[in-house]
Peer 1: 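Sharing a structure below in structure tokens format, with a few things to ask.
Worth knowing before you read on, the calculation uses all heavy atoms, side chains too, and leaves out hydrogens, waters and symmetry mates. Remember, it's a predicted structure, so these values are computed and weren't measured experimentally. Naming: A, B, ... by sequence-line order, numbering from 1 per chain.
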Protein chains: 2
Amino acid sequence: MKKTIYDVAEAAGVSISTVSRVINHTGRISKSTRQKVLEVMKELDYQPNVHASALTGKRTNIIGLLTPDIANPFFGELAKSVEERADELGFSIIMCSTDRNPEKETKYFSVLRQKNVDGIIFATGIENKESFAALEDIVEKGIPLVMISQDRALFPMDVVVIDDVMGGYLAAKHLISLGHQKIACLIGDGSTTGEKDRLKGFKKAMDEAGIEIDESLMAGTGFSLQNGKEAAAAMFAQKVPTAVFAVNDVLACAVIQTAREWGLKVPGDLSVIGFDNTILAEMIDPPLTTVSQPIEEMGRRVVELLAEDIHGKKKSKSKMILTPELVIRQSTAPLRIDEKISEKRQQL
Amino acid sequence: MKKTIYDVAEAAGVSISTVSRVINHTGRISKSTRQKVLEVMKELDYQPNVHASALTGKRTNIIGLLTPDIANPFFGELAKSVEERADELGFSIIMCSTDRNPEKETKYFSVLRQKNVDGIIFATGIENKESFAALEDIVEKGIPLVMISQDRALFPMDVVVIDDVMGGYLAAKHLISLGHQKIACLIGDGSTTGEKDRLKGFKKAMDEAGIEIDESLMAGTGFSLQNGKEAAAAMFAQKVPTAVFAVNDVLACAVIQTAREWGLKVPGDLSVIGFDNTILAEMIDPPLTTVSQPIEEMGRRVVELLAEDIHGKKKSKSKMILTPELVIRQSTAPLRIDEKISEKRQQL
DNA sequence: CTGTTAGCGCATTCAC
DNA sequence: GTGAATGCGCTAACAG
């Protein structure tokens, strides 16, 4: 049977409060009795009952991780990093994959509140107002919140982001330096701050170069591979750019695959640049030029911020901005205009 | 402030036991009072406190998911499927990424036990004896266990697997049918039943074809991309096969990348076949021929089995064997022997 | 320094 | 059918 604090107390010849004290390092206890209690605890393999202590207002050592899609390599790698650091710090992770579904979002807030998590990490935006109401509830309750790779100051909370504007800028700058002008953008559903900022950086670079943006080359429906393929196909059907900037690697891969289907060579006929630098970027053919996010560090940092907050070591909220980097591989190349391409374009 | 069962009782003009009864559908209550209580609960937005009920022996609606590496697309996709079905069934998932580290494994068992999870899904083997001892503890406690894609009858538990032997057989058969004989195997760390069975199927096909297995072409160090690259490079340095069967897609990708570094064309100079059919298989260049696992279904099934067990609807343990399928893409091709290759081989 | 006691929110005998 | 009382395991005053 499971050991309780009473068993330990009895075996150690003390009262339960003494045992509780050595467990929680509260109050003062003589070295000898503490020693004794510790010993007994080990002998009995005593494990405090989390629910009992949670019931009295203590922490649960659980944090919720809200993610749009754990199967997306970016979030998979992020989750791994988060889980690892959390474990080191003594927290378990409840994984919530919202699928960008507002209802699931709202539901999860409620579940997390009910389960009394110590804190919540958002790796997803919150869009619908119902979720928002549920969130407010959580905020009121004083549950620490941190946001990662999304930066919308909904409520006072810590934030870890990369400089998305700079990321978009780097991407565009790279394409422009290769001579491209007809550059398309493939965004997701247009709702996240990440996309918006990347796009902002993109436009800034285009502006600086004096290149006008062709609105018909701005496309986006969602974040999945399928979404990307559809959006890319729709775009190609109307107009074919010489380069594409996709706001994440999955979408960039979609572009490359669609291009292949259309007989467009990457990077010969079309340059493609992604964002995230996930494992996909290494795998895809050709290897993807992309803007790298320090995923591992982001995961680590966000957990650390949250932990500090949970432990009450923080007086004020902070925002940590990490720097993206351009990783040049083989999916981008200098603009090349010759008959062959023109011909191919004509056909399309 | 958080509503309790007392608030509801008071507002409904009944006692807490009555409220408890309508919540748990136990005992008999008059239709009218049940109605009334239900109303009040809705009005007050009452949410039962999980910890309090867990304390009285009820379930926690949490299940633990033990995975070797959530960043590996196979486990990422599996986790997504598991999470989705679990959510539908009212369970939250505590994500445990063990990194195949025995210490983390052991630690997680202890954590999960402490957190009083309703059940545990193993998507990883258990190797070291310490973990084993911790596991025994869990089994004794009667916590439902299910195992996925691993089949070692450690204890009575439900199992969802694919026919790994058949999978290995299919892979080898395919390569053999293309004329290959010098076929290498890239396994992981050699510890999991999945690998062993796939290898068994592989050998069976080789046997049937009367091809002798070259032990120097059996390699493996671990499951990561890095591991795969090292193992492949080490193998090529000694001997270059005409085809490679890798026990998962990540390792297959590693082979392809290493081959590229060595100037070996895939599939011209070297055919490569993987296992899992994750998103990587579609992305890699060339698209990977692989043995497909019905990941989504596996995740769904395993949760359903576990849920039944948790709800006590199962008298006996069961084992569900799903069928793998060969997915032919472009990383495998008929054996080709000509001077160009021989020459290249000579150089190596 | 240490023991006693009163809840935390809920499920569950017992009585009525 | 319904209510009062007890305990789950632990923390936090409150007394020594």
Side-chain angles (χ1 to χ4, degrees), chain A residues 1-38 40-41 44-62 110-111 113-118 141-142 312, chain B residues 1-38 40-41 44-62 110-111 113-118 141-142 312:
Chain A
M1 201 43 216
K2 192 80 178 290
K3 263 60 182 172
T4 76
I5 200 172
Y6 287 96
D7 300 321
V8 178
E10 187 176 356
V14 297
S15 77
I16 60 164
S17 30
T18 301
V19 178
S20 176
R21 284 188 185 100
V22 349
I23 295 174
N24 300 292
H25 307 283
T26 105
R28 16 185 112 284
I29 315 185
S30 74
K31 200 129 189 163
S32 59
T33 61
R34 137 167 290 130
Q35 207 49 246
K36 176 70 181 164
V37 170
L38 251 22
V40 174
M41 290 205 307
L44 268 49
D45 186 32
Y46 166 73
Q47 318 253 152
N49 180 314
V50 189
H51 299 105
S53 64
L55 199 53
T56 66
K58 297 284 279 195
R59 295 189 279 100
T60 55
N61 292 322
I62 299 181
S110 154
V111 169
R113 185 163 66 81
Q114 205 183 142
K115 293 250 200 298
N116 249 291
V117 297
D118 292 342
K141 226 183 145 196
Chain B
M1 201 41 217
K2 192 77 177 296
K3 265 57 182 174
T4 76
I5 199 172
Y6 287 97
D7 300 320
V8 178
E10 188 176 357
V14 298
S15 75
I16 61 163
S17 19
T18 301
V19 178
S20 176
R21 284 189 186 101
V22 350
I23 295 175
N24 299 292
H25 307 283
T26 112
R28 18 184 110 283
I29 316 184
S30 75
K31 201 130 189 158
S32 58
T33 59
R34 136 167 292 131
Q35 207 47 249
K36 176 70 181 165
V37 170
L38 250 22
V40 174
M41 290 204 308
L44 266 50
D45 186 32
Y46 167 73
Q47 319 253 151
N49 181 313
V50 189
H51 299 107
S53 62
L55 199 53
T56 66
K58 298 281 279 192
R59 294 188 280 101
T60 54
N61 292 323
I62 299 180
S110 153
V111 169
R113 186 162 68 82
Q114 205 182 143
K115 294 248 198 301
N116 249 293
V117 296
D118 291 341
K141 228 184 144 195

Peer 1: Taking only the side-chain nitrogens and oxygens of N24(A), find out if one of them lies under 4.0 Å from OP1 or OP2 of dT11(D).
Peer 2: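 It does, given that an N or O in the side chain of N24(A) lies less than 4.0 Å from OP1 or OP2 of dT11(D).
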Peer 1: Taking atom C1' of dC10(D) as reference, at what distance in whole Å does atom CG of D7(A) sit?
Peer 2: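 After rounding, the reported distance stands at 13 Å.
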Peer 1: Just checking T4(A): base, sugar-phosphate only, or nothing, at a heavy-atom cut-off of under 4.0 Å?
Peer 2: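 Counting heavy atoms under 4.0 Å across all strands, the contact made by T4(A) is with sugar-phosphate only.
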Peer 1: What is the distance, to the nearest angstrom, from the CG atom on N49(B) to the P atom on dC10(D)?
Peer 2: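 The distance from CG of N49(B) to P of dC10(D) comes to 16 Å, rounded to the nearest Å.
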Peer 1: To check you understand the geometry: which heavy-atom pair defines the closest contact between I5(A) and Y46(A), and what is its length?
Peer 2: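 Of all heavy-atom pairs spanning I5(A) and Y46(A), the closest is N-CE1, 3.6 Å.
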Peer 1: Flag the pair V14(B) / V19(B) as yes when at least one side-chain heavy-atom distance between them is below 4.5 Å, and no otherwise.
Peer 2: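 Yes, their side chains come closer than 4.5 Å.
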Peer 1: Report yes if at least one side-chain N or O of T33(A) is closer than 4.0 Å to OP1 or OP2 of dT2(C); otherwise report no.
Peer 2: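 So the side-chain polar atoms of T33(A) do come within 4.0 Å of the phosphate oxygens OP1 or OP2 of dT2(C), strictly under.
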Peer 1: Rounded to the nearest Å, what distance is computed from the NE2 atom of residue H51(B) to the C1' atom of nucleotide dC8(C)?
Peer 2: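 Checked: the NE2 to C1' distance equals 12 Å.
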Peer 1: What N/O pairs connect the protein and nucleotides 3-7 of chain D at under 3.5 Å? Give each pair on its own line.
Peer 2:
unit_1, atom_1, unit_2, atom_2, d
dG3(D), OP2, S15(B), N, 3.1
dG3(D), OP2, S15(B), OG, 3.1
dG3(D), OP2, T18(B), OG1, 2.4
dG3(D), N7, S17(B), OG, 3.4
dG3(D), N7, R21(B), NH1, 3.4
dG3(D), O6, R21(B), NH2, 2.4
dA4(D), N6, S17(B), OG, 3.2

Peer 1: Tell me, please, which residues at least two apart from R59(A) pass salt bridge (charged side-chain N to carboxylate O under 4.0 Å, His left out).
Peer 2: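 Here the qualifying residues are D118(A).
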Peer 1: Rounded to the nearest angstrom, tell me the gap between atom CD in Q47(B) and atom P in dC8(C).
Peer 2: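 To the nearest whole Å, that distance equals 20 Å.
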Peer 1: With a 4.0 Å cutoff (strictly under), does any side-chain N or O of S20(A) reach OP1 or OP2 of dT11(D)?
Peer 2: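 Indeed, a polar side-chain atom of S20(A) lies that close.
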Peer 1: Find which nucleotide of DNA chain D each of A52(B) and K31(B) is nearest to by heavy atoms, and output the residue with the more 5' nucleotide.
Peer 2: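 Closest to the 5' end, via its nearest nucleotide, is K31(B).
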Peer 1: Applying side chain to side chain donor-acceptor pair (under 3.5 Å) as the test, list every pair that has at least one member in residues 22-31 of chain A; sequence neighbours left out.
Peer 2: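 Residue pairs with at least one partner in residues 22-31 of chain A: S20(A)-N24(A), S30(A)-S32(A), S30(A)-T33(A).
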Peer 1: In whole angstrom, what separates R28(B)'s CZ from dT2(D)'s P?
Peer 2: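 One finds 11 Å between P of dT2(D) and CZ of R28(B), rounded.
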Peer 1: Report yes if some heavy atom in the side chain of L38(A) is under 4.5 Å from a heavy atom in the side chain of V22(A); otherwise report no.
Peer 2: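 Yes. Closest side-chain heavy atoms under 4.5 Å.
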Peer 1: Select one nucleotide: of dA11(C), dC10(D), dT2(D), the one nearest the side-chain heavy atoms of K58(B).
Peer 2: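 Nearest to the side chain of K58(B) among the choices is dA11(C).
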Peer 1: Could you state the atom-to-atom distance from CD of E10(A) to P of dT2(C) in whole Å?
Peer 2: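 After rounding, the gap between these two atoms is 19 Å.
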Peer 1: Rounded to the nearest Å, what distance is computed from the CG atom of residue L55(A) to the C1' atom of nucleotide dC8(C)?
Peer 2: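 Interatomic distance, CG of L55(A) to C1' of dC8(C): 4 Å.
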Peer 1: Between dC10(C), dC10(D), dG1(D), which nucleotide gets closest to the side-chain atoms of S30(B)?
Peer 2: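 Closest of the options to the side chain of S30(B): dG1(D).
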Peer 1: Among the candidates dC10(C), dC10(D), dG9(C), find the nucleotide nearest to the side-chain atoms of Y46(A).
Peer 2: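 Among the listed nucleotides, the one closest to the side chain of Y46(A) is dC10(D).
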Peer 1: Does the side chain of T18(B) come within less than 4.5 Å of R21(B)'s, by heavy atoms?
Peer 2: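 They are in side-chain contact.
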Peer 1: T26(B) near the nucleic acid: base, sugar-phosphate alone, or nothing, with a heavy-atom cut-off under 4.0 Å?
Peer 2: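 Since no nucleic acid heavy atom lies under 4.0 Å of T26(B), the category is nothing.
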Peer 1: Rounded to whole angstroms, how far apart are CD1 on I5(B) and P on dG9(C)?
Peer 2: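 Atom CD1 in I5(B) sits about 11 Å away from atom P in dG9(C).
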Peer 1: Quick one: are K115(B) and I62(B) in side-chain contact, heavy atoms under 4.5 Å?
Peer 2: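 Not in contact.
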